[in-house]
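Quick one: structure below, then a few questions.
Just follow the structure's listing: the first ligand is 1, and inside any ligand the first atom is 1.
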Amino acid sequence: MSILDYDTVSLDDANSALVIIDQTLLPNETKILHLTEQKDIWDAIYLLKVRGAPAIGDAAAIGIYLAAKKIESKDFDSFYAEFKKAKEYLDSARPTAVNLSWALNRMDSVVLKNKDKSIEEIKEILKKEAIAIVDEDIFICKQIGLYGVTLFKDGDGLLTHCNAGQLATAKYGTATAPMYIAHEKGWKIKVFSDETRPLLQGARLTSYELHSAGIDVTSICDSAAATVMRNGWVQCIFVGCDRVAANGDFANKVGTSSVAIAAKRFGIPFYVCAPSSTIDLNTKSGKDIVIEQRDGKEVSTMWYEKPMIPDGVKIYNPAFDVTDNDLVTGFVTEYGIAKAPFDKSLKEIVEKANNKHK
Ligand code: MRU
């Protein structure tokens, strides 16, 4: 069985559990977790057992359904008060990926839309909505793949940063979807996967899933990205994103902006794969994106037998960075490719998504 045969996120309703793969143990151990307690779901998101913007949204949708299922109140106001508390709790797990609050808000709005129904009916509606969020994620990634594959050709070299792959979504991934589709077409592509310090999502996850699919993947240190570009080995770059601001600045895993800057220098198209759920028109520009700061131990000790930074040395460990919109060739969304001026094109994409959910 390959890692691609597992669901990244799913609901085991009979046992009231969120089912995930513990991604902190990959690629060495495939451990499936059945999480029933809200604290364990919060921890799984915070500790990156489940990670990647769309997968965090999927997990939160299932998580809030499971929280609602446990609420015993039978009148709407007390049910909703408890629901809101559970929603705020899950929303506090990580700040940068907008999919977390996006999914929770979507679950919240179905509760409010159905406030005249019985609590049992509302719980059933929440279950359907959580499953719909996961199913839509699969469809959206496939669409991103179909648009993305039009941006390069057979024989090309591609580069990606972090893991915006199947393990970051319900299936296919965003940045990897064009790669999987090219591979299905029989194209010979070569993918360079940045290792992605400090948590090694590129080394541990992207190279693992692409290799499992039989795609030619080469793992490189983040600091080698400019070298493979200079060597002429990369014709197109695909990355994921955690929040796209209204002006096209976006946050993704720290190190993405260095890749974008180098891509500009070497004239390589730089595409951001963005489900419409990751576009946040309420965030005006990159300056307004909250960047998650994480424990310095992720840098100094986490992957080493002995500490690799002397005791007492300060560590700065931002989990994400902001890439300026002028470095982006286009955003590959499920509704097509948004090009500059991004304030206009991203707004059009969000309008299409909103119309669909009316
Ligand atoms: O900290 P992580 O592993 O959750 O960061 C993930 C990324 O930065 C991904 O590139 C992004 O969430 C897009 S996933 C389709």
Side-chain angles (χ1 to χ4, degrees), residues 8-9 20-24 26 43-60 93-103 134 136-138 140-145 148 159-180 193-206 208-210 222 237-244 250-260 270-280 289-295 298-299 302 317-323 328 331-334:
T8 308
V9 182
I20 57 166
I21 309 164
D22 183 348
Q23 297 195 26
T24 61
L26 293 175
D43 278 350
I45 296 173
Y46 176 72
L47 295 171
L48 275 64
K49 292 180 182 179
V50 57
R51 32 88 25 226
I56 292 172
D58 297 340
R94 295 189 76 187
T96 306
V98 70
N99 302 60
L100 178 59
S101 54
W102 171 87
V134 177
E136 283 168 29
D137 181 13
I138 299 174
I140 286 167
C141 289
K142 184 89 196 241
Q143 292 305 111
I144 288 175
L159 183 140
T160 190
H161 188 77
C162 192
N163 175 263
Q166 169 150 324
L167 289 163
T169 64
K171 211 174 169 60
Y172 306 116
T174 59
T176 54
M179 302 170 191
Y180 287 126
S193 162
D194 286 356
E195 69 171 347
T196 316
R197 285 283 296 153
L199 292 184
L200 304 175
Q201 290 92 332
R204 295 189 301 107
L205 309 176
T206 303
Y208 184 35
E209 58 165 272
L210 293 179
D222 298 334
I237 295 170
F238 289 103
V239 296
C241 53
D242 287 81
R243 191 181 294 251
V244 182
F250 74 98
N252 191 45
K253 181 52 55 194
V254 67
T256 301
S257 77
S258 318
V259 173
F270 178 88
Y271 288 101
V272 183
C273 296
S276 58
S277 54
T278 313
I279 304 169
D280 177 14
I289 300 177
V290 176
I291 299 293
E292 178 182 13
Q293 303 295 324
R294 294 187 65 91
D295 194 334
E298 290 179 350
V299 183
M302 195 157 174
N317 184 22
F320 300 94
D321 65 16
V322 170
T323 300
V328 177
F331 289 92
V332 187
T333 79
E334 72 269 32

Under the rule for side-chain contact (heavy atoms from CB on, under 4.5 Å), what residues qualify as partners of Ser276, not counting sequence neighbours?
Glu334, Tyr335, Ile349, Ala353

So among Lys253, Gln201, Arg204, Glu209, which one has a side chain to side chain donor-acceptor pair (under 3.5 Å) with Asn163?
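That would be Glu209.
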
The criterion is side-chain hydrogen bond (donor to acceptor under 3.5 Å, both in side chains); which residues satisfy it with Gln23, sequence neighbours excluded?
Arg51

Under 3.5 Å side-chain donor-acceptor pair for Thr96 and Asp242:
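Absent: no donor and acceptor within the cut-off.
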
Please name all residues satisfying side-chain contact (heavy atoms from CB on, under 4.5 Å) with Asp43, sequence neighbours left out, ordered by chain then number.
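side-chain contact (heavy atoms from CB on, under 4.5 Å) list for Asp43, sorted by chain: Lys39, Leu47.
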
List, pair by pair, the atoms of ligand 1 and of the protein that are both N or O and lie under 3.5 Å apart, giving the separation rounded to 0.1 Å.
from, atom 1, to, atom 2, distance (Å)
ligand 1, 1 (O), Arg94, NH1, 3.4
ligand 1, 1 (O), Arg94, NH2, 2.8
ligand 1, 1 (O), Lys253, NZ, 2.7
ligand 1, 3 (O), Arg51, NE, 2.8
ligand 1, 3 (O), Arg51, NH2, 3.2
ligand 1, 3 (O), Gln201, NE2, 2.9
ligand 1, 4 (O), Gly52, N, 3.0
ligand 1, 4 (O), Arg94, NH1, 2.8
ligand 1, 8 (O), Asp242, OD1, 2.9
ligand 1, 8 (O), Asn252, OD1, 3.0
ligand 1, 8 (O), Lys253, N, 3.2
ligand 1, 10 (O), Asn252, OD1, 2.6
ligand 1, 12 (O), Ala53, N, 2.8
ligand 1, 12 (O), Asp242, OD1, 3.1
ligand 1, 12 (O), Asp242, OD2, 2.9

Taking the six-membered ring of Phe320, is the NZ or CZ of Arg243 close enough (under 6.0 Å from the centre) and on axis enough (within 45°)?
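The answer is no; the distance or angle limit is not met.
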
